[in-house]
Amino acid sequence: MKDQDRFDTLGRLEDLPQDYRDELTRHNLVPLWPSLRAVLPPGVPVRKTQATFWSYATLRPLLLKAGELTPIEKAERRVLVLANPGHGLEKMQASPAMYLGMQLLLPGEWAPAHRHTPNAVRMIVEGEGAYTTVDGEKCPMSRGDLILTPTGLWHEHGHDGSAPVVWLDVLDLPLVYYMEASYHVDGERQAVKPGRGDRTYARGGVVPTKVFQRQDKAYPMLRYPWVEARAALEALAADQPELPSVQVTYVNPETGSDVQNILGYYALMLRPGETQHLPVRSPAAVFHLIEGGVDVGIGDQRFTLAEADTCCAPGYTAVSLRNRSAKGPAFLFIADEAPLHRKLGVFESRG
Ligand SMILES: [Fe+2]
């Protein structure tokens, strides 16, 4: 008997007598076989995550409108969530483990200190003069900077500039919420401590050693300036013109591992006219365009990303990225669920 024949021959719920089904329900029991193939489909997982595109030009005026409609005191965090319709918008998730939100902070506003179990990062989209204070470290925000607010660390946002500041939040909230482990604690305004990780670890290949001792902080670096990541990509492209993919991973400079436990973060440069066909991998991924113009293919869907646009791709799906410009490079920020898949032993790359 072939596998497909076996699939077709599994018993259905309606094949069972109603009184038997009712009795199972009364005792909180469920027959597995009618649902077996739904939870263990052949070859490729069922994915609720749909290839979805969010235009910054569309969402920006709606976010600024939220600034008029809702004062920061009534929002605490003024965010429009980029929700994947495949999961249902009310679930506020982009993928199984990723939450995405565009957050607006207006000049003079302060988003008060709190800490929570989900990990967050910010990718700064526009504006100058805002800062995030994380664990007492004041991190200035500029376009393209990546700022971590790892699990359990106090963080608050302030804005001394003169124009709106917007950033993209990426959190592992859907997963932590699913695990029934998501909560927050409110705190007082933090005192700023001396020292900044982005200065301490500004040079590749060397780390501080206080009297031969390495740092044992879990999150030694909290701000990854775009100017440094961009320079690293350009140096890589210049040094190795034949390199098949110009990409860097945001890592903990003490351990070399991913910056956070659950989600992974990367920056990718597409040379003028370049097309990248990414391997088909198990984790879902998010693509946010920092500079340039890029055509994204996700399965049979096509999106054109302008600067600050964002899209998401389900796992086990072919993704292609094409730089629309024949003259200049394009730069993408990527977030994915690879660290989670690796830790759980379910990571797969099908090439
Ligand atoms: Fe937060």
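Numbers here simply count residues along the sequence, with the first being 1. In each ligand, atom 1 is the first atom listed, and ligand 1 is the first ligand listed. Please read all numbers here as calculations on a predicted model, not as lab measurements.
- Residues V227 and M141 are members of separate hydrophobic clusters, defined by side-chain heavy-atom contacts under 4.5 angstrom among Ile, Leu, Val, Met, Phe, Trp and Tyr.
- Distances from the Fe ion (ligand 1) to the N/O/S atoms of H155 are shortest for NE2.
- A salt bridge links R230 to E291: at least one charged side-chain nitrogen sits closer than 4.0 Å to a carboxylate oxygen.
- Residue contacts to the Fe ion (ligand 1): H184 brings no N, O or S atom closer than 2.8 Å.
- Under a 3.5 Å cut-off, the side chain of H159 and the backbone N or O of A163 do form a donor-acceptor pair.
- Taking the six-membered ring for Trp and the full ring otherwise, F53 and F303 have centroids separated by under 6.0 Å.
- The Fe ion (ligand 1) is the vertex of the angle joining NE2 of H116 and NE2 of H114, which measures 100° to the nearest 10°.
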